[in-house]
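Structure, as structure tokens:
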Amino acid sequence: MWLRRNKARHRVHDAPTLKFACSSFKDVHSLLYDDADSPRSPSSPSIYHRNRSAKELIRSLSIPTAREIRIRGAAAENSVVVYFTSLRVIRRTFDDCSAVRSILRSFRVPIDERDLAMDSRFMEELQRILGEPEKSLLTLPRVFTGGRYLGGAEEVRRLHESGELKKHLKGLPPAEPGTCGVCGGYGFVLCKECGGSHKCYYYRGKKSVFRSCTSCNENGLVRCPSCSCSPAPPT
């Protein structure tokens, strides 16, 4: 006759499971350190970021506040004026100019694009408006809405992401659809006086001489009379 074995009434407690906070085996080494002994990255910024922050601070102090900067004229008050460059010499500047122009064009408002690469007088004009005699301290793009200074690329991006840019553009008339049939959207056409050579041929007595054309810029171009909001006057 077999005796019945009594079952053990002692319960075996479940062993605690380890919870891993790492998402991959690359972070396993972080489990070997305590919170106090874990290596941490230095909190101090690098020399590059400190130098960049110092330059931005100096640049912001050298430029007057946005309330003090204005562009006079009825054309500027009814449009967005953008000072930019189409040159790809500095990739970051070119990307900022392209991004700002793309953001502003999405609102379908009149935009007066003033390319400093096409006309050097825009640089002198921008220096006079901002009160900055040094060209090296001027960064592009620079945006004016309704005659008032709005800011550069960082300000436009921040206002666009927060939805505040629409408020600054409120009240401007809608832009005409399509591309200008006179200049093709470039904003410049060849000078009729010199044919784009920036030189005029005339007689002085019996001799024929050349002189610089006073009706166009150094590239032999003039602002498009059809789509330009405020043509730059000749010097």
Side-chain angles (χ1 to χ4, degrees), residues 41-117 122-123 125-132 134-180 185 187 227-230:
S41 59
S43 59
S44 59
S46 62
I47 297 177
Y48 170 76
H49 289 87
R50 283 182 290 177
N51 187 21
R52 179 180 174 186
S53 300
K55 289 183 178 179
E56 292 179 353
L57 177 60
I58 295 174
R59 188 183 301 116
S60 62
L61 293 177
S62 62
I63 299 175
T65 58
R67 296 180 180 178
E68 300 175 358
I69 305 176
R70 293 184 62 89
I71 298 180
R72 303 297 177 181
E77 294 179 357
N78 295 325
S79 64
V80 179
V81 180
V82 183
Y83 290 88
F84 74 103
T85 179
S86 57
L87 294 180
R88 300 172 180 262
V89 178
I90 303 178
R91 183 60 182 270
R92 180 179 177 183
T93 301
F94 176 79
D95 292 342
D96 289 342
C97 293
S98 300
V100 169
R101 293 169 64 196
S102 178
I103 291 174
L104 294 175
R105 287 177 178 178
S106 64
F107 289 92
R108 304 294 182 180
V109 294
I111 304 176
D112 182 8
E113 297 182 344
R114 304 184 179 183
D115 190 355
L116 275 66
F122 288 147
M123 172 63 76
E125 182 178 312
L126 184 60
Q127 286 181 278
R128 184 174 64 256
I129 294 173
L130 299 178
E132 179 55 62
E134 295 293 335
K135 295 182 180 180
S136 59
L137 297 179
L138 286 177
T139 58
L140 298 175
R142 295 299 175 95
V143 182
F144 296 81
T145 58
R148 295 185 177 183
Y149 178 65
L150 184 63
E154 296 298 330
E155 290 79 6
V156 173
R157 287 194 183 100
R158 183 172 65 252
L159 292 173
H160 181 56
E161 292 174 357
S162 63
E164 295 292 329
L165 182 59
K166 187 177 181 179
K167 298 179 181 179
H168 289 273
L169 302 178
K170 187 178 181 180
L172 296 178
E176 296 182 0
T179 306
C180 178
C227 64
S228 296
C229 297
S230 56

So how far is it from [X] [atom1] to [Y] [atom2], rounded to the nearest 0.5 Å?
X      : Y      : atom1 : atom2 : answer
Tyr149 : Arg70  : OH    : CZ    : 15.0 Å
Leu116 : Arg142 : CG    : CZ    : 11.0 Å
Ile69  : Arg148 : CD1   : CZ    : 12.5 Å
Ser106 : Leu104 : OG    : CG    : 7.5 Å
Glu154 : Thr139 : CD    : OG1   : 10.0 Å
Leu137 : Leu130 : CG    : CG    : 11.0 Å

Can you tell if the side chain of [X] reaches within under 4.5 Å of the side chain of [Y], non-hydrogen atoms only?
X      : Y      : result
Val143 : Glu155 : no
Val109 : Pro173 : no
Met123 : Leu138 : yes
Tyr83  : Ile129 : yes
Asp96  : Leu140 : no
Leu159 : Leu150 : yes

List the atom of [X], the atom of [Y], and the distance in Å for their closest heavy-atom pair.
X      : Y      : answer
Leu126 : Phe144 : CD1-CE1, 4.3 Å
Gly187 : Cys227 : CA-SG, 4.3 Å
Leu172 : Asn78  : CD2-C, 3.7 Å
Ser86  : Ala117 : OG-CB, 3.8 Å

- Could Glu113 and Arg105 be called an ion pair, given the rule that one side-chain N must be under 4.0 Å from one carboxylate O?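 Salt bridge present between Glu113 and Arg105.
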
- Message: Salt bridge check, Arg114 against Glu125: does any charged N sit closer than 4.0 Å to a carboxylate O?
- Response: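 A salt bridge links Glu125 with Arg114.
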
- Query: Could Arg101 and Phe84 be counted as a cation-pi pair, given that NZ or CZ must be under 6.0 Å from the ring centre and within 45° of the axis?
  - Reply: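 Relative to the ring axis of Phe84, which defines the angle, Arg101 lies inside both limits.
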
- Would you say the side chains of Ser79 and Asp112 form a donor-acceptor pair under 3.5 Å?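 No pair is found: no donor N or O on one side chain lies under 3.5 Å from an acceptor on the other.
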
- Message: I'd like to know if the side chain of Ser162 reaches the main chain of Arg158, judged simply by a donor and an acceptor atom lying under 3.5 Å from each other, with no hydrogens or angles considered.
- Response: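 Flag set: sc Ser162 to bb Arg158 pair under 3.5 Å.
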
- Message: Could you check whether any side-chain N or O of Glu132 sits under 3.5 Å from a backbone N or O of Glu134, counting only pairs where one atom can act as donor and the other as acceptor?
- Response: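 Pair found, side chain donor or acceptor close to backbone of Glu134.
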
- Taking atom CD1 of Ile90 as the centre, report whether more than 12 heavy atoms of other residues, nucleotides or ligands fall under 6.0 Å from it.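 For Ile90, atom CD1 is not crowded (no more than 12 foreign heavy atoms under 6.0 Å).
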
- Ring-ring centroid check His160 Phe107, cutoff 6.0 Å: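 So the answer is yes for these two rings.
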
